[in-house]
Every structure is written in C-alpha cells, then in structure tokens.
2 protein chains.
Amino acid sequence: MPDKDPFRESRVESRRSRPAKPPLSRDVIVEEALRQMSTEGGAPLSLRRIAKALDTGPASLYAYVDGMSELQALVLDHALAGVQTDSVGSWRERLEALLISHATVLARSPALARMVFQTTAVGPNALRINDAVLQLLAEGGVDQANAAWAIDLLDMFVSATVAEHAADTGAAQPGGPIEQALARASAGEHPHVHAARDDILSGTGEERFRWGVDILVRGILSRAQSQ
Amino acid sequence: MPDKDPFRESRVESRRSRPAKPPLSRDVIVEEALRQMSTEGGAPLSLRRIAKALDTGPASLYAYVDGMSELQALVLDHALAGVQTDSVGSWRERLEALLISHATVLARSPALARMVFQTTAVGPNALRINDAVLQLLAEGGVDQANAAWAIDLLDMFVSATVAEHAADTGAAQPGGPIEQALARASAGEHPHVHAARDDILSGTGEERFRWGVDILVRGILSRAQSQ
DNA sequence: ACCTGAACACCGTTCAAGT
DNA sequence: ACCTGAACACCGTTCAAGT
C-alpha cells in the first residue's frame with residue numbers, strides 16, 4: 001500500500017478551520033433566521049433549520065434564546081431596524097412614507113409578515129417607529145389622547161395589510177378563490193356584492209394602501225377636531 | 001370455573017352500538033373542529049386531534065376534506081354563521097353592531113382568531129356579511145367605489161383586533177411586556193411615547209374598538225363626500 | 001459549568017396494502 | 001372502490017449524560 005500523499009487535498013474539514021463559522025450568539029442566530037426567511041420562500045421559521053445551518057443541534061440554541069417566541073420578537077425588531085422614520089414633505093406625506101416603509105419591510109418575506117400578529121412588537125425599533133408617528137400626528141394637530149390610540153390603529157392597518165398579502169397565495173388573482181366567491185354572489189341573494197364586484201377587485205395593492213392611509217388620517221383628524 | 005354471568009354489565013363496548021358516533025362527513029369534522037377550538041383553550045387546530053376524537057386515523061379525514069387549509073376555510077365560514085347582520089337603529093349604529101358581532105364571534109376562541117389571516121373568508125357567510133356592510137354604507141350615502149374598498153378595510157380592522165387580542169397572552173396587563181417597553185421609553189430618547197404612555201395604555205378593549213369604528217366611519221364618509 | 005445527543009410528544013400528508 | 005395503519009419528513013422543547 002502506498003504511503004499517503006501528505007500533500008493531497010485534505011477531504012476532512014476541521015470545523016475549527018472552516019472560515020468564520022462564528023461561535024453561537026443571539027445575533028448570529030437572529031441573523032441566520034432573517035437570512036432564511038428572506039431566502040427560503042415563505043417557509044415558516046424553524047429552530048431546527050436554524051440549528052442545522054449553524055452546525056448544531058436544536059437544543060444548543062436554548063442557551064442564547066428562550067425559545068421560539070422570544071426568537072420571533074428578536075427577529076421582528078431586528079427587521080424593523082430597516083423602517084425609515086425620516087423623510088421630507090408635509091407631515092401627512094411623511095406619515096404616509098413611514099407607513100409604506102413599515103409595510104415594505106414586513107412584506108419582504110411572507111414568514112415575517114405572518115409573524116406580525118404572533119408577537120407583540122415591543123423592541124427598541126418599535127419604540128422608535130411609534131415615537132416618530134406620534135411626532136407626526138402632533139405636527140398634524142392631533143391631541144395626545146387620540147394620537148396615543150391612533151398609533152395602534154395605524155399599526156394594525158400596516159400589519160393586517162401585509163398579513164393578508166402573505167396569506168393569499170394568489171387568492172386575489174383572476175380565477176382565484178376571491179373572484180370565484182364574487183361570481184357566486186347572485187343579483188338576487190347578494191345584490192350589493194353583485195353590483196360592486198368590479199369595484200371590489202379594482203386597484204393595485206399600493207393604491208389601496210394609500211387609500212387606506214387616507215381614510216385613517218381623515219378619520220383621526222375629524223375626530224380630533226370635533227373635540 | 002363459574003359460568004359467566006350473562007347479566008353482568010358488558011365491559012366491551014361495540015363501537016357500532018355506541019350512541020350516535022355518526023359516520024364521518026365534512027359536517028361532522030367541521031363541527032368537531034369548532035368544538036375543540038372552543039373547549040381546548042387556545043390550542044391550534046390539529047387534524048390528528050380531530051381524527052382521534054372521531055375515532056379514526058388522520059388519513060381518513062382526507063376523504064372528506066382536502067387538507068388543513070380547506071378545513072380552516074370551512075371552519076371559519078361555519079363560525080361566521082353566528083354573525084348577526086340585522087339589528088335596529090341608524091345605519092351607523094347597525095354597522096357598529098354588525099362589526100361588534102363579527103369581532104365577538106371570532107374572539108370566541110383564540111384558535112379561530114389566529115386563523116383569520118391564514119385563510120381568506122370567501123364562504124357564503126362572508127358573502128352575507130359583506131353584502132350587509134355594503135347595504136349599510138349605501139344607506140349612509142357612501143358611493144359604491146369607496147364602499148367596495150371600505151369593506152376590506154373594516155374587515156381588516158375586525159380581524160386585526162381579534163388577532164392582536166388572541167396573540168397577547170396578557171401582553172397588555174400591568175407588568176406585561178407592553179408596560180415594560182413603555183417604561184424603557186425615556187423622556188430624552190422617545191419623548192412622545194414617554195409623554196403619552198398613560199394614554200397609550202388607557203381604555204378598555206371595547207372602548208378602543210368603538211373608537212376605531214368611529215375613526216373608520218368618519219374617514220370613509222369624509223372621503224366619500226369629498227368626491 | 002457548559003453543551004448537546006437523543007428522546008418526547010407532537011405535527012400534516014402520503015401511500016401501499018388490505019378489505 | 002374505499003379506507004386506513006404505518007411511514008415519512010418534519011416540529012419545539014426537555015433533560016440526562018458527557019466533557
């Protein structure tokens with residue numbers, strides 16, 4: 001048997017020498033989670049998949065993270081760091097831009113969008129966003145009591161929009177379940193839906209989002225001014 | 001060995017004679033699902049658990065239901081049958097009553113509330129509810145184009161309210177994560193949140209729901225009248 | 001003291017094999 | 001033809017046992 005060639009390519013890869021497989025940490029875990037959410041198309045977050053990617057067993061993650069629900073909170077806040085809270089224009093334009101930025105960040109991955117009603121956003125970035133919205137509403141002349149409730153309503157609108165969008169795997173497309181349902185609305189039994197069917201399906205996502213923001217802002221101003 | 005007493009209580013229970021273990025059907029499955037959602041506190045719907053309760057293996061359900069996501073759609077519509085679409089008063093009062101009824105039905109079980117952004121409500125009851133809302137908005141003088149988009153916004157509001165409520169396992173309680181987050185909002189870094197902290201936490205769920213409906217209706221009317 | 005393999009108690013879905 | 005036990009490919013979480 002010939003001697004082993006000492007210059008042969010090593011096929012065993014020491015995991016120590018593998019370049020920059022960094023030691024486990026909260027940050028590494030959260031970043032891997034976000035990476036998977038943006039690449040793995042729509043698949044739900046999984047501790048086991050994260051562990052595998054980081055070359056450990058799932059139990060090891062529990063040293064750095066309390067469990068799935070804490071991880072979700074960390075991931076959500078990390079993602080919210082991308083929300084732009086400063087832009088230019090009137091307070092109304094800046095509010096709209098902020099909400100669009102918020103929705104855009106959440107819509108970047110379906111898994112993130114689905115997370116939005118499972119975890120309450122209470123991290124530093126949620127704080128930053130809410131503070132900015134309160135600032136803008138104050139500029140718009142909305143009193144503090146109404147503004148304080150309004151931030152929740154605006155947030156619900158953003159969250160519901162992205163969550164709805166993430167859920168429908170094409171429900172709104174031509175021939176999809178929504179169109180089929182509308183087709184089932186007869187003039188006799190559901191006259192109003194029947195009559196409005198084209199209007200119900202009209203508009204792009206962004207048009208409808210802007211329309212929603214307009215409705216909310218009008219409502220908030222109207223209420224604030226009546227008091 | 002003594003003879004068996006022919007009058008002894010039978011301990012073997014023929015499943016044929018067990019009273020009314022009805023044959024499998026879509027309806028039986030959907031009803032068992034709803035039963036479990038209202039009793040099993042907050043646990044997510046599970047095909048396996050339904051199958052066990054109906055005395056079969058999980059595979060048997062697939063003869064009657066396409067899979068989890070079709071079951072969810074059926075369950076949601078079945079539940080929506082409980083939404084009251086007729087009440088008395090002005091159109092505005094009747095709209096508020098309808099939305100409260102809708103929210104109440106969905107909030108009956110956390111599992112149902114969580115389902116609301118996973119499945120698009122397109123069954124007969126969703127049709128009935130949407131038709132009633134369109135009718136009320138028409139009464140209120142809202143044009144068809146705005147009303148057609150408004151039904152989605154109102155539905156998102158109801159859904160987001162119950163979904164948020166279902167998610168927070170007490171996030172809003174005194175000492176809960178929301179209060180803790182607000183405590184982290186310093187006067188220096190987050191002045192508006194800091195100043196509004198009491199207002200942010202104020203109000204009951206129902207007060208805030210009615211406030212939200214008021215904002216939405218004001219906004220919709222304002223927009224409709226401006227065109 | 002720290003870490004983790006293996007186990008626990010679940011999932012939804014598929015399909016071969018049996019009646 | 002219909003039905004389903006068992007398997008497949010996953011989950012999150014726990015914990016005993018090892019270093």
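Chain letters run A, B, ... following the sequence lines, proteins first and then strands; every chain starts at 1. Treat the numbers as computed from the prediction; the structure is a model and nothing was measured.
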Q. Would B/F209 and B/F157 count as a close aromatic pair, with their ring centres under 6.0 Å?
A. yes
(Q) Salt bridge check, B/R26 against B/E70: does any charged N sit closer than 4.0 Å to a carboxylate O? (A) yes
(Q) Please tell me if B/T56 has a side-chain N or O lying less than 4.0 Å from either OP1 or OP2 of D/dT4. (A) no
Q) Looking only at atom types and distance, does a side-chain atom of B/R114 sit under 3.5 Å from a main-chain N or O of B/S109, one as donor and one as acceptor? A) no
**Q.** Carboxylate-amine/guanidinium proximity below 4.0 Å for A/R210 and A/E206
**A.** yes
**Q.** Base paired to D/dT19 (Watson-Crick or G-U; both N/O distances under 3.5 angstrom)
**A.** C/dA1
Q | Separation of atom CD in B/Q118 from atom P in C/dC11, rounded to whole Å | A | 16 Å
Q.
I want to check one thing: is the phosphate of C/dC3, taken as OP1 and OP2, less than 4.0 Å away from some side-chain N or O of A/S60?
A. no
(Q) Between C/dA9 and D/dC10, how far apart are the two P atoms, rounded to whole Å? (A) 22 Å
Q: Using a heavy-atom cut-off of under 4.0 Å over every strand shown, decide if A/L45 touches base, sugar-phosphate, or nothing.
A: sugar-phosphate
(Q) In whole Å, I'd like the distance from the CG atom of B/D66 to the C1' atom of C/dT14. (A) 14 Å
Q | Chi angles and distances behind the side chain to side chain contact (heavy atoms under 4.5 Å, CB included) call for A/S60, A/L24 | A | CA-CA 9 Å; A/S60 307; A/L24 248 42; 4.1 Å; yes
**Q.** Toward the 5' end of DNA chain D, by each residue's nearest nucleotide, A/A59 or A/R49
**A.** A/R49
Q: Tell me which nucleotide among D/dA7, C/dA7, C/dT14 gets nearest to the side chain of B/Y62.
A: C/dT14
Q. Whole-Å distance between D/dT13 C1' and A/E70 CD?
A. 15 Å
**Q.** Interatomic distance where OH belongs to A/Y64 and P belongs to D/dT13 [whole Å]
**A.** 18 Å
Q: Return the nucleotide paired to C/dT13: Watson-Crick means purine N1 to pyrimidine N3 with N6-O4 or O6-N4, wobble means G-U with N1-O2 and O6-N3, both under 3.5 Å.
A: D/dA7
(Q) So if I take every side-chain heavy atom of B/S46 and compare against C/dC3, C/dC11, C/dT13, which nucleotide ends up nearest? (A) C/dC11
Q. Starting at CG of A/L61 and ending at P of D/dC11, how long is that distance when rounded to a whole Å?
A. 12 Å
Q. Heavy atoms under 4.0 Å, any strand shown: does A/P44 hit a base, just sugar-phosphate, or nothing?
A. nothing
Q. For atom C1', what is the distance between C/dC11 and D/dC8, given to the nearest Å?
A. 12 Å
Q. What is the distance, rounded to the nearest whole Å, between atom CD of B/Q72 and atom C1' of C/dC11?
A. 13 Å
Q. If you check every side-chain atom of A/R48, which of C/dC3, C/dT13, D/dT13 has the closest atom?
A. D/dT13
Q.
Just the rounded figure in Å: distance from P of D/dC11 to CG of A/L71.
A. 14 Å
Q | Distance in angstrom units between A/L47 CG and C/dC10 P, rounded | A | 19 Å
